[in-house]
Student: 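Here's a structure for you.
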Amino acid sequence: MQPRVWRHFDPVLLAATLLLLAFGTAMQFSATGGLVPREWPVDPLYRQFVYAAVGLGLMFGVAAVDYRVWRSLAYPLYTLGLVGLVAVLFIGFSVNGAQRWIQLPGFPLQPSEFAKLLVVVALARFLSDRIDVELDDEEAPTLRLRDLLISLALAAVPAVLVYRQPDLGTATIFLVAWLGMVIAAGARWLHLAGLGIAGLAVSPILLLSTQSYMRERIEVFLNPRADPYGAGYNVIQALISVGSGGPFGRGFNSGTQSQLDFLRVKYTDFIFSVIGEELGFMGALLLLALFTALLFRCLRVAEMARDAFGRLLAIGIATTLLWQTFANIGMNISLLPAVGVPLPFISAGGSSLITVLLSLGLLQSTVMRHRKLEF
Amino acid sequence: MEEDEQGLRRGRLLGFRIAVVVAFLVLARQLFVLQVLETDTYRRQADDNRERIVWALPERGVIYDRNGVQLVRNVPTFTVAIVRADLPATPEVVYQRLGRLLGLAPEAIRATVEEKGRQYDAWTPIPIVRNADFAHRAFIEERPGLFPGVKVVDESVRDYLDGPAFAHVLGYLGPMSEEEYEERRLERDRRYMPSDRIGQAGIEARFDRELRGFPAQVIEEVDSTGRVRDRRLLRPPVPGYNVVLTLDARLQRRVADILAQHIDRYGTASAIVMEVKTGNILAMVDLPSYDNNMFSRAIDDDELAALLNDPRRPLLNKAVGGAYPPGSVFKLVTALAALQEGIIFPTTVINCPGSIFIPSDVLRGQGERLNDWTPDGHGDQDVVSALANSCDIFFYEVAGGEPLGKWPGLGNELIAYYARLFGLGAETRLGLAGEIPGLVPDARWKARAIPGEPWLKGNTYTYGIGQSYLQTTPIQLLNMLVAILNNGTLLQPRLVVQVRDGEGRVIGPLDALGRLTDPARPQVLQQIPIDPRWFELVKRGMVAGMEPLGQTENGTRYVGTSYDSAVPEVRFAGKTGTAETGRGKQTHGWFVGYAPWDDPEIAVVVFVENGSGSYNAAVRAEKIVRAYYGLPDTDHDDTFK
């Protein structure tokens, strides 16, 4: 432990983190019923407190460790992540038809959440290796097509495993994180465009092989009123919740949609609808402002990091958080199909929250050590 | 392009910042549309979600007798119902739990929900069990999590204070059929919900709209499981109107007791008592009856089947819904018609030899022998003695003519014409469900109804004594008598004095022109064009019927057919009828009577199935008149007759 590295600890990033965490906890309080009698420790609100405390502890722990340690451990960790994803297909348990969790003593573990971070670490390692070793320092860094495809494979393997759970939302996160990182690593636009065209070409096959639940989600997205009491129910209820909030909201703990349980899955994927209903447009803007501050701070880390690994790590984490936030809010307000992505910091769920806080610990570690020499 | 010492592109980093801003602007724009521009639409949808307008049934009006005796009251109960909109996706669990609690098969509950579901919207409670125990209510309401979609509704059921004696008049409530609801829905009658029970018989049916009231509209705030969190009254209920009957509850019970004597020997019995001056009905009893309170309880299928399978049809009010040949009671009409048409005069005397031979018009030497009820005959008879003796030969000849054609009779068309003037062959529109018109036949009717068999000469002869397909209901015969007593003024028989709203204002009943009716004044239907002198003559015939031995101005003798039942204290008069049923020697007994004869106050009709007029019907009429006037009951009885 080198106390002097803490001089460069980013307090703004920490503040944004803590504010979002507080925001999330408050909304969990409201979504789980407000001032109802609560029973320790089974009440979901208390569980969320515990996850936040554990996550914060881990965040500081990770910050204290030099992030480059993870560079050397990147591939073993990646392998561990894949093992977790394969394991969940065999020994996992299901909720609402998706087999995503492994029951550990005391708490359920969602390997796909941790896998997000592990894949970002592995991609950062792989891409930074290619840039550092193979590129002439005098030239602008460029990623070769071969390396681009290998990195895609690194992201695609966990994406396919997660897709099989089925969890389309998390699967997209791997691919979006990969995309952000290869762009930052200097992938040629021509290569990316070619991959994009290839992707479009195989998309009909993909669509045909799509599992029925996903097809249903997409149909609901296109026409939610077709089955307002069935598949389209919650999409409609979410829209009603957000819209009825108005500019200033119905008041904390006072949304009729959320408090009278018309809105479903309100602790997790649809918690943003509770925010929209109870805190209104202003509350939603506040949330977006906090996320903007957080993401800009993450990008600052990318700018300041001393090496390509740290930069790519920051880019990967920032991209992941941006996409999750956008996709989650987007599906709450019918901009995107309801594919099921948690809202970072806010949605209930230990694995998600701990992964986010671990990621931010990693970024703090990176920014703390951005100087090559520290006196 | 700017370079970076670690080989990252600064331009692309800036791109990430731009991506963050653009992504969030896209979200913010959509949020602005939803939450600022279109918020009213969504706000309304949110309110629609949590607020339901439910209809709360008002208190049903009650029914009083003419003296203010309450004949029915409302008793609060609970109904366990299912609200489809609040059922979980797999309702079987709920059906099973509910079935176990209530002792019903889950399949039966599902069947009810599915069957009624077609009729109801998803938010209307579908009744599963009425009159549930309080324990059931408590069990369900304390565990809303176990019973999503199950609702306990407060309802009230009718408690009829005196079951069988009043059942035929008051009626009962029962569930509405799909067709009945559809009919009311098309009329846009907002008083009715498909789950409602409506009047099925009697006053409950006739005055259902008045008794029902208007339901309250209540806004309920519910959560997604349908649990009610809050209630607000949108529109208060209008309680049902109260109905005051013309009946006298005390007399009604006495009449029921009188008819009940030896009822098992005679099948069914009906009696009606009417005020002569107003047409108001004081008592109307038909036995055997039923306990209308059984329809307020959870219905017992065996009990109901027993009622439905009873050949005496206890559910049918035969005082208005049973038609039988009137027999000799009809001689009153024959006499009036013959006098008015000049067939006979007050001085006309016809000899009754005990039987007459009616030669066939077609076959020479063939014919039909018609007998009087007594083979000895009555000798010379004028119209008064013929009525008192109930001489058949006199009225055969008046109806069909002198057998050898010396003078003509009325013929079937004139008899039918006068019968119809007195309201026979048509419903009295008393307003009780199940009323039938009976039948006033004539040659044209027979040609249509019985193809291949023409109206025979003999038909006209027996028409004169109230046979030949003629069918009348007790209420028709009584109303006919009252018209005779009023010298041809045909009145509307009435059961309801007043309909009163919640504040006690009188708002009904209305006459055909929509005017309030005055219970003290008669409602005149028509004036029958017959000379008052002939009415007086016929009434003298009915007075003479109560005399054991007498002689008329024309010197004809008589022995009153109902002299056993005379009540000289109140000057009781009347006419017997013993009608052939067409089933061997089986007869029906009729009696129409009134008192006092010089200024008639009440009129009464008694019908005893499988009985005789002079023995069984007259004695019951006598007992009723005695009861009405508070006289001691007669010791004479039909126990051994």
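Every chain is numbered from 1, with letters handed out A, B, ... down the list of sequences.
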Student: Step by step, work out the side chain to side chain contact (heavy atoms under 4.5 Å, CB included) result for B:E221 and A:L260.
Tutor: CA-CA 9 Å; B:E221 183 179 302; A:L260 299 174; 3.4 Å; yes
Student: Taking all atoms of both residues into account, what is the closest heavy-atom pair of B:T39 and A:G246, and its distance?
Tutor: OG1-CA, 3.2 Å
Student: If you tally heavy-atom pairs under 4.5 Å against chain A, which of B:D47, B:L27, B:L37, B:V26 wins?
Tutor: B:L27
Student: Which one, A:G180, A:G330, A:G245, leads in non-hydrogen pairs under 4.5 Å with chain B?
Tutor: A:G180
Student: Counting only heavy atoms not in B:R29, do more than 12 fall under 6.0 Å of its CZ?
Tutor: no
Student: Heavy-atom pairs under 4.5 Å with chain B: which of A:L263, A:L285, A:T292 has the most?
Tutor: A:T292
Student: Hey, which of B:V21, B:N49, B:V20, B:L34 has the most heavy atom pairs under 4.5 Å with chain A?
Tutor: B:N49
Student: Return the CZ to CZ distance between B:R17 and A:F296, rounded to the nearest 0.5 Å.
Tutor: 6.5 Å
Student: Within a 6.0 Å radius of atom CZ on A:R188, are there more than 12 heavy atoms belonging to other residues, nucleotides or ligands?
Tutor: no
Student: Counting C-beta onward and ignoring hydrogens, is there a side-chain heavy-atom pair between A:I315 and B:L13 closer than 4.5 Å?
Tutor: yes
Student: Heavy-atom distance under 4.5 Å to chain A: side chain of B:Q45, backbone, both or neither?
Tutor: both
Student: Would you compute the distance between atom CD of B:E38 and atom OG of A:S244 and round it to the nearest 0.5 angstrom?
Tutor: 13.0 Å
Student: Do other residues, nucleotides or ligands put more than 12 heavy atoms under 6.0 Å from the CG atom of B:L186?
Tutor: yes
Student: Within a strict 4.5 Å, meaning less than it, do heavy atoms of the A:T319 and B:F16 side chains meet?
Tutor: yes
Student: About how many Å separate CZ of B:F24 and OG1 of A:T325, when rounded to the nearest 0.5 Å?
Tutor: 5.0 Å
Student: Counting only non-hydrogen atoms closer than 4.5 Å, does B:V33 touch chain A with its backbone (N, CA, C, O), its side chain (CB onward), both, or neither?
Tutor: neither
Student: On a heavy-atom basis, which atom in A:T256 and which in B:A46 lie closest, and how many Å separate them?
Tutor: OG1-CB, 4.2 Å
Student: Under the side chain to side chain contact (heavy atoms under 4.5 Å, CB included) rule, what do B:L31 and A:L288 come out as? Steps first, then yes or no, please.
Tutor: CA-CA 11 Å; B:L31 286 166; A:L288 288 181; 4.2 Å; yes
Student: Report which part of A:F291 has an atom under 4.5 Å of a heavy atom belonging to chain B: side chain, backbone, both, or neither.
Tutor: both
Student: Any Lys/Arg nitrogen of B:R43 or A:E277 sitting under 4.0 Å from an Asp/Glu carboxylate oxygen of the other?
Tutor: no
Student: Given that the side chain runs from C-beta out, which part of A:L295 has a heavy atom under 4.5 Å from chain B: side chain, backbone, both or neither?
Tutor: side chain
Student: Side chains of B:Q35 and A:M282, heavy atoms from C-beta outward: is any pair under 4.5 Å?
Tutor: no
